[in-house]
Amino acid sequence: MGSIQTNDGATAGHTAESTRKVIVAGAQLGPINIDTPRSEGIRRMVKLMDDAHKAHAKLIVYPEIAPVTFFPRHILEGEELEKYFEREVGGDITKSPNLKPLFDKAREYKMDVSIGYAECTGDDHVHFNTCIYYSGQVDKVVSKYRKVHLPGTFEPYERKDATNQLEKRYFKPGNLGFEAFRAPELVPDTLTKTSGAQPNLPDTLGKGDPIVGMIICNDRRWPEAWRVYGLQGVELMLCGYNTTAWAPELLGTNKKISTQEKAKAEALFHNKLSLTYNSYANSCFSINVAKCGFEDGKYPLIGGSCIVDCDGEVVVEASTEEDELIVAEIDLGMCRRGKGKVFAFEKHRRVEHYGRIAEQTGVREPEFL
Ligand code: CDV
């Protein structure tokens, strides 16, 4: 446990004049079993944060529902279910007793943190699959995202030994949309309101504080989610995931993926395909972080945590299915090329032909001949 992968100290897309370089980290977690105490999960996460601090990272990203086992595979109710959810204290998740040790450390290190957790809201007790962005630079939670695309089923599968994915049962679909936000002071020398600068002018594009977006696991397979962020000029996408490596009921099966080994290879391929293509098509970097390995010795989750650059190339990738830190120095200034040329949306998009994307949910085939 506890290895570190870096991009060999090389700057991904270094340009001498750019001031938008920052060292970032993804904290891949190995399996967390159903009987693993929450405090143990948090201890391992703090250890990875210590390593990220030593590597001079200013941002660390953790997986979906990070500190506990991926409980939506189990049929749970009452206290057995509620115990997996986090609650804000006085409207502040950094004070939740479970997560506080992690945020206390982030405050000490002045490190930005994105972390996924199961959220139970204050008054109305609604459940969401959530992540937040805490800025260690200014000691404040600056954004929250609630997973929009919930995979799986409401009812468990009939076959008793099938692996369930009961996210539709345990969570409401996210109600916060895909709102990009700026990460304060993550890179130096940015334009801000107080300097009197206006965004969206030719000479101020890409010069404010970094524009960040968050998605959770299954969301990464939906180009619509990425494009909504792309339209807000996103430079850095963050994505935590728990992706099963073998679940024929959930994912379907055929000859090509008839064994666990082949199914896992395909799951890893689709993971990378989604992350690399959508990073390229929206000219943004992405930090993508797994919880992985065999939870409870029998539920396989893929690894493949990676940092992808804005040309869709993998900069650094995890090599284990255990706790492992991936680290890269990225240059957000690199995003300008794609945003200004091939994916200059304002020059090339044809929204008059895109109506169906927002008006229609399912498929409607053409009339038969
Ligand atoms: N936690 C997830 O959202 N998992 C899904 C399922 C389909 C494996 C995923 O897209 O990875």
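Atoms within each ligand, like the ligands themselves, are counted from 1 in listed order. Only this structure's heavy atoms are used, side chains among them; waters, hydrogens and symmetry mates stay out.
Distance from atom 11 (O) of ligand 1 to its nearest protein heavy atom, with residue and atom name: T243 OG1, 2.6 Å. When only non-hydrogen protein atoms are considered, atom 9 (C) of ligand 1 lies nearest to R221 NH2, 3.3 Å. For atom 8 (C) of ligand 1, the closest heavy atom belonging to the protein is T244 CG2, 3.7 Å. For atom 2 (C) of ligand 1, the nearest non-hydrogen atom of the protein is C217 SG, 2.8 Å. Given atom 3 (O) of ligand 1, the protein heavy atom at minimum distance is K147 NZ, 2.7 Å. Among protein heavy atoms, atom 7 (C) of ligand 1 sits closest to N218 ND2, 3.8 Å.
Listed by number with element, the atoms of ligand 1 under 4.0 angstrom from any heavy atom of Q165 are 1 (N), 2 (C), 4 (N). Distances below 4.0 Å separate heavy atoms of N242 from the following atoms of ligand 1: 1 (N), 2 (C), 4 (N). Here is the list of ligand 1 atoms found below 4.0 Å of a heavy atom in E64: 1 (N). Ligand-side atoms of ligand 1 in range of E167: 1 (N), 2 (C), 3 (O), range being under 4.0 angstrom from any heavy atom.
Taking the six-membered ring where tryptophan is involved, the planes of F71 and Y84 are essentially parallel, since the angle between them stays under 30° and well short of 60°. Between Y280 and F343, the ring planes lie perpendicular to each other; the angle is over 60°, past the 30° to 60° tilted range.
The only option from K100, K144, R38, K95 that meets the salt bridge (charged side-chain N to carboxylate O under 4.0 Å, His left out) definition with E86 turns out to be R38.
In this structure, K264 pairs ionically with E321, as a charged nitrogen and a carboxylate oxygen lie closer than 4.0 Å. A salt bridge links E155 with R169: the distance from a Lys NZ or Arg NE/NH1/NH2 to an Asp or Glu carboxylate oxygen falls below 4.0 Å. Between R107 and D104 there is a salt bridge, since at least one side-chain N of the basic residue sits less than 4.0 Å from a carboxylate O of the acidic one.
Residue R87 holds its CZ atom at 5.0 Å from CD of E82, rounded to the nearest 0.5 Å.
When non-hydrogen atoms are compared, ligand 1 lies under 4.0 Å from the side chain of R220 (C-beta onward) but not from its backbone. Residue contacts with ligand 1, taken as heavy atom pairs separated by less than 4.0 Å, involve F70 solely via side-chain atoms from C-beta onward.
At a 4.0 Å cut-off, not a single heavy atom of H149 sits close enough to ligand 1 to count as contact.
Open room surrounds NZ on K341; 12 or fewer heavy atoms of other groups in view lie less than 6.0 Å from it.
Using a 4.5 Å heavy-atom threshold, the side chains of H53 and E108 count as separate.
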